[in-house]
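A quick write-up on the structure given underneath.
The model shown is predicted, which means the values in this text are computed figures rather than measured ones. Every number for a ligand or one of its atoms is a count from 1 in the order of the listing.
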Amino acid sequence: MPSYQAPLRDFRFAMDEVLDYPRHYAGLPQADDVTPDVVSAILEEGARFTRDVLLPLNQVGDTHGCRLEGDQVVTPPGFKEAYAQYVEGGWPSLSGDPAHEGQGLPTSLGMVLSEMVCSTNLAWGMYPGLSQGAADALRHHGSEAQKAQYLAKLNAGTWTGTMCLTEPQCGTDLGLIKTRAQPDGEEGYRITGTKIFISAGEHDLAENIVHLVLAKLPDAPEGTKGISLFLVPKYLPDAEGGIGERNAVSCGSLEHKMGIHGNATCVMNFDGARGFLVGEPHKGLACMFTMMNVARIGVGIQGLGLMEISFQNALAYARERLQMRALSGAQNTDKPADPIIAHPDVRRMLLTQKALAEGGRMMVLYAAQLADTVECSASDSERESAETLLGLLTPIVKAFLTEVGFEATNEGVQVFGGHGYIREWGMEQYVRDARITRLYEGTTGIQALDLLGRKVLMSQGEALKPFTKQIHKFCKAHEANDAMAEFVTPLAKLNAEWGDLTMAVGMKAMQDREEVGAASVDYLMYAGYVTLAFFWARAAQAAHDALAGNPDDAAFYRAKLDTARFYYQRLLPRTRAHAEMIRAGGDTLMAMSAEDFGRGFAI
Ligand SMILES: Cc1cc2nc3c(=O)[nH]c(=O)nc-3n(C[C@H](O)[C@H](O)[C@H](O)COP(=O)(O)OP(=O)(O)OC[C@H]3O[C@@H](n4cnc5c(N)ncnc54)[C@H](O)[C@@H]3O)c2cc1C
């Protein structure tokens, strides 16, 4: 079975030494509650819970999967008990609204916990993860009565939430939704339709499930402008707010799928189910976006969590597995061969995993700070700037970290050789589990369009500037520091090129809108590598600063510098290929007719 040790030292480095979390927390309205002791307790308890409770269930969940008995989903053995412990420990309420039984701690702390959960049991983690998104959507858009009725239950974890968007004929294009909402003549609506691929749509972990469902009212305008959001509980609350009458929503079947077997992916049938409008009619997509933005960062964290555990286990294996002698001569003369970590190519794979995971952690923790500011800052202007920056980074966190997450988990299998392909070792499960993260919550292609089309070009590049300015400022501040030249010189060049590429695509797009779609995924990957380079440069600076003080754990900081150098010399050059492909434009993509694609099939 794979092992896991929460990367607590690395969390502390990223939070305290790179991103100055102590100052960040001190500036939040909850400053008195987020003491260093509270942060440490959450990190340590989270590490213990995820290692001792969730990790042992990861392969169990993969092997057993979920099963449907009647319309009741039975989760894998141990999942229910683990969820009970999670609820008992007060974890679901961590960053919930204190007015509704939440602990009111910053969102970022929930994200730290989330990484550990995703490392140890991604499929299990999706049950509470979706509840978090549902609670956020209700907190922002629900009526006071809805909040009073549902939020405390979601925060306590006794009820869980889902997001029901997808239908057989529509995933990306929600304008095609067919689910209908008919006013019932009282205060509610009757919801009729079928939703597919609904994660945690039915299960046995909690006493009730609150579905947030996109549907169309009878007078709805066509397309995405006509979508409304409804709350549809599995059991309607009774007069005391407890479990009442069963609603007409049920799980018709479970999908059999490539990974995340422990999470129930349900076909949900709404047969005139009672539902309640959330927010205004026809404005449902905007409300759902609150949930989707939380979920998108959450999916990026899934990519990160899987990279970390895959790396930890690949590293342990590479230190033990003896094969061949090092090219420079035997290192392990008392043994018949050297450990495979002696070989440059194995090191390449391990360092790729390490650099992407540790860099990804800084990226997520930075986005988490922005999320805290958006959520709690008392200053309007601070909130607005954080929102713009978070809007820019969300598709990067989601899509870049899941793309490289898939790569890194694949490298984990490769380090194990043929043993990586064998189920018993657990490494292939990470690849299968990671695969979905590139798809749900908007595919990489859709995140890329969101980044380049909606965020960057629609704002005439304005949305990009606050971030590239930060990078520019950092490079300027360190340009006279020789020790930092190996980082800031290439970073400054890439940062300038980012602006040039944006301009070039923007110009082409004015003539031909297909150019946006042609450039978008390469643009997103380019943006991801430059963003990570910014954080690796900051990490290098923090490591230099720490080493100047002769710390006891100098080896930790030297390893940071080594990893930063590896990132700059061996991963960052990938931007060259992406830049060239962006510049190549869309001609070759659009030249061929749809028919011509298949000419090779016919004789
Ligand atoms: C295991 C699992 C769990 C899921 N959980 C949930 C859930 O909890 N709730 C929920 O509502 N949904 C859920 N989904 C659905 C998921 O979000 C969708 O599958 C995803 O959004 C893609 O939609 P689609 O499958 O219909 O693909 P399509 O929209 O048909 O897309 C097919 C391909 O075309 C591309 N494409 C489509 N339009 C464009 C465009 N305009 N430009 C460029 N490329 C485009 C896509 O990127 C993709 O590569 C889940 C799916 C799975 C498999």
Could you please spell out the steps behind the side-chain contact (heavy atoms from CB on, under 4.5 Å) verdict for Val505 and Val456?
CA-CA 11 Å; Val505 179; Val456 175; over 6 Å; no
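- Annotation for ligand 1: atoms under 4.0 Å from non-hydrogen atoms of Met163 are 7 (C), 8 (O), 9 (N), 10 (C), 11 (O).
- Proximity to Ile436 (heavy-atom distance under 4.0 Å) selects the following atoms of ligand 1: 1 (C), 2 (C), 52 (C), 53 (C).
- A side chain to side chain donor-acceptor pair (under 3.5 Å) check over residues 507-522, counting only residues at least two apart or in different chains, returns the pairs Asp522-His578.
- Side-chain rings of Tyr86 and Trp124 approach one another, their centers coming within less than 6.0 Å.
- When each of Pro128, Pro92, Ser131 is checked for a side chain to side chain contact (heavy atoms under 4.5 Å, CB included) with Thr160, only Ser131 meets the rule.
- The aromatic ring centres of Phe276 and Tyr189 sit 6.0 Å or more apart.
- Counting the atoms of ligand 1 from 1 in the order shown, those under 4.0 Å from a heavy atom of Leu449 are 42 (N).
- For the residues Thr172, Leu165, Ile196, the heavy atom positioned nearest atom 27 (O) of ligand 1 is part of Thr172.
- Using a 3.5 Å distance cut-off with no hydrogens or angles, the side chains of Asp62 and His261 do pair a donor with an acceptor.
- Counting protein heavy atoms under 4.0 angstrom from atom 35 (C) of ligand 1 gives zero.
- Contact atoms of ligand 1 toward Gly171: 23 (O), 24 (P), 26 (O) (distance under 4.0 Å to a heavy atom of the residue).
- At under 3.5 Å, not a single nitrogen or oxygen of Gly445, backbone or side chain, sits near a nitrogen or oxygen of ligand 1.
- The shortest N or O to N or O distance between Thr443 and ligand 1 is under 3.5 Å.
- Taking distance alone, with nitrogen or oxygen atoms compared against 3.5 Å, Thr166 approaches ligand 1 more closely than that limit.
- When hydrogens are left out, the protein atom nearest atom 3 (C) of ligand 1 is Ser199 OG, 3.3 Å; that is the closest non-hydrogen contact.
- Looking at Ile582 and Tyr526, their side chains come closer than 4.5 Å, going by heavy atoms from C-beta outward.
- Distances below 4.0 Å separate heavy atoms of Ile446 from the following atoms of ligand 1: 39 (C), 40 (C), 45 (C).
- Annotation: Tyr529 is in aromatic contact with Phe400 [ring centroid separation under 6.0 Å].
- If you number the atoms of ligand 1 from 1 as listed, the ones under 4.0 Å from a heavy atom of Glu441 come out as 17 (O).
- Of the protein's heavy atoms, Phe197 O, 3.0 Å lies nearest to atom 13 (C) of ligand 1.
- For atom 32 (C) of ligand 1, no protein heavy-atom neighbour is present inside the 4.0 Å cut-off.
- Counting protein heavy atoms only, atom 20 (C) of ligand 1 is closest to Leu439 O, 3.8 Å.
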side-chain hydrogen bond (donor to acceptor under 3.5 Å, both in side chains) between His203 and Thr75, intermediate numbers included
CA-CA 6 Å; His203 58 77; Thr75 54; over 6 Å; no
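- Not a single ring-ring contact (aromatic ring centres under 6.0 Å, His included) links His141 to another residue, sequence neighbours left out.
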